[in-house]
Amino acid sequence: FPVTIWPVTEPVTLATAKLYARAQTGNTEDDLFNMFITSARMAIEKLTGLSLIAKTAKITFEAPVGMFSLPYGPVKASPAPVYKDSQDNVITPTVLGYDYPVIQDELNGVNTAEYSVGFTTVPEELKVALLDQVVFLYENRGDNSDTATVCSKAQKICQRYSRIAFFS
C-alpha cells in the first residue's frame, strides 16, 4: 500500500470545493469539507489506481508471470525505484516505461519495490471528478438510502484514466 507523506496538499482547495458545491456556509463547515476533499481524493485514487498526491509506494509482489505493472502511478524518476528480493538484496530487473513502468523480467519468490508516485499537476478532468465526489458526499451526508459510494459522473471520468485492468 502507498504510504502518504504528510502534510498533504490536496489537488483542490477548500475554497474551490465550497464554490463548486455552492455551499454558503462561511467557515462553519470547513473541517467537514476538508474531510470530504480527502475522502474524495482517496476514492478517485482507488478507482483509477493512480496517486493524485505525492507519496511513497511500498509494494510486495510474488513471482509475477510475464510483465508486471507497478501500481499507483505516475512513478517519479527521482529517487529511482528500489527493488529487492526475498533476502532483502537489491535487484535490478529490466524495466520498461517511465510514468507507468512495467517489469519485464520473470522474478522468483517474493519481491518488494519502493518508489515515489504522484502527479506534479493533476489533470483538470480528475480534479472535476474529485469535486463531483465532494459534492456527492456533501449532499448525501447521513443518507443511508443510496448504496453508491462514488457518484456516477466521477466514475465515468475515472474510467478514462483508470490503470486498473478491470473497471466495473
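The figures here come from the full heavy-atom set of this structure, side chains too, leaving out hydrogens, waters and symmetry mates.
At least one side-chain heavy atom of R41 sits under 4.5 Å from a side-chain heavy atom of P11. Residues K55 and V8 are not in side-chain contact: their nearest non-hydrogen atoms beyond the backbone lie 4.5 Å or more apart. Here the side chains of L70 and I59 are in contact, with some heavy-atom distance below 4.5 Å. Put simply, the side chain of L47 reaches to within 4.5 Å of the side chain of Q155, judged on heavy atoms. The closest side-chain heavy-atom distance from V12 to I37 is below 4.5 Å. Residues P74 and V117 form no side-chain contact, since every pair of their non-hydrogen atoms from C-beta on lies 4.5 Å or further apart. Between V134 and L137 the shortest side-chain heavy-atom distance does not fall below 4.5 Å.
When every heavy atom of Y83 is checked against every heavy atom of A113, the shortest pair comes out as CD2-CB, 3.7 Å. Scanning all heavy atoms of the two residues, the minimum distance from N27 to D30 falls at CB-OD2, 3.2 Å.
If you take CD1 on I157 and CG on L130, they are separated by 10.0 Å, rounding to the nearest 0.5 Å. In this structure, the separation between CG on D31 and CG on L14 is 9.0 Å, given to the nearest 0.5 Å. Annotation: the span from C151 atom SG to N140 atom CG amounts to 9.5 Å, rounded to 0.5 Å. Here the CZ-CD1 distance, from F61 to I103, works out to 4.0 Å after rounding to the nearest 0.5 Å. In this structure, CD in E45 is found 10.5 Å from SG in C158, a value given to the nearest 0.5 Å. Atom OG of S116 sits about 14.5 Å away from atom OH of Y72, to the nearest 0.5 Å.
At a threshold of 4.0 Å, the pair E10-K127 does not count as salt-bridged, since none of the basic side-chain nitrogens sits closer than that to a carboxylate oxygen.
Hydrophobic clustering (ILVMFWY, side-chain heavy atoms < 4.5 Å, transitive): M42 and L32 are in distinct clusters. Residues V75 and V82 fall into different hydrophobic clusters, defined by Ile, Leu, Val, Met, Phe, Trp and Tyr side chains chained together at heavy-atom separations under 4.5 Å.
Checked against side-chain contact (heavy atoms from CB on, under 4.5 Å), Y98 has no partners two or more places apart in sequence or in another chain. Evaluation of the salt bridge (Lys or Arg N to Asp or Glu O under 4.0 Å) rule for K76 yields no partner, not counting sequence neighbours. Residues forming a side-chain hydrogen bond (donor to acceptor under 3.5 Å, both in side chains) with D99 (at least two apart in sequence, or on another chain): none. By the salt bridge (Lys or Arg N to Asp or Glu O under 4.0 Å) test, E114 pairs with no residue at all, sequence neighbours left out. Residues satisfying the side-chain contact (heavy atoms from CB on, under 4.5 Å) criterion with A43, sequence neighbours excluded, are V150. Every residue two or more places apart in sequence or in another chain that forms a side-chain hydrogen bond (donor to acceptor under 3.5 Å, both in side chains) with T16 is listed here: T13. With sequence neighbours excluded, the residues forming a side-chain hydrogen bond (donor to acceptor under 3.5 Å, both in side chains) with E125 are R160, Y161, listed by chain and number. Here D88 pairs with K84 under the salt bridge (Lys or Arg N to Asp or Glu O under 4.0 Å) rule; sequence neighbours left out. Every side-chain hydrogen bond (donor to acceptor under 3.5 Å, both in side chains) that K153 has, sequence neighbours left out, goes to D132. In terms of the side-chain contact (heavy atoms from CB on, under 4.5 Å) criterion, residue partners of S69 (sequence neighbours excluded) are, by chain and number, V102.
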>> Working note: F68 + L107, criterion side-chain contact (heavy atoms from CB on, under 4.5 Å); need CA distance, chi angles, decisive distance, verdict.
In response: CA-CA 10 Å; F68 174 73; L107 304 173; over 6 Å; no
>> One pair to check against side-chain contact (heavy atoms from CB on, under 4.5 Å): L52 and L126. What are the steps and the verdict?
In response: CA-CA 9 Å; L52 301 184; L126 285 176; 3.9 Å; yes
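Applying the ring pair (Phe, Tyr, Trp, His ring centres under 6.0 Å) test to pairs two or more places apart or on separate chains, those with a residue in residues 14-52 are F33-Y138.
Judged by distance alone, the side chain of Q133 and the main-chain N or O of T149 form a donor-acceptor pair under 3.5 Å. Side-chain N or O atoms of S39 include none that pairs as donor or acceptor with a backbone N or O of M35 at under 3.5 Å.
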Pairs under 3.5 angstrom only: tabulate donor-acceptor contacts from the side chains of residues 89-97 to other protein residues two or more places apart or in another chain.
{"unit_1": "N89", "atom_1": "ND2", "unit_2": "D85", "atom_2": "OD2", "d": "3.4"}
{"unit_1": "T94", "atom_1": "OG1", "unit_2": "D105", "atom_2": "OD1", "d": "3.1"}
{"unit_1": "T94", "atom_1": "OG1", "unit_2": "D105", "atom_2": "OD2", "d": "3.4"}

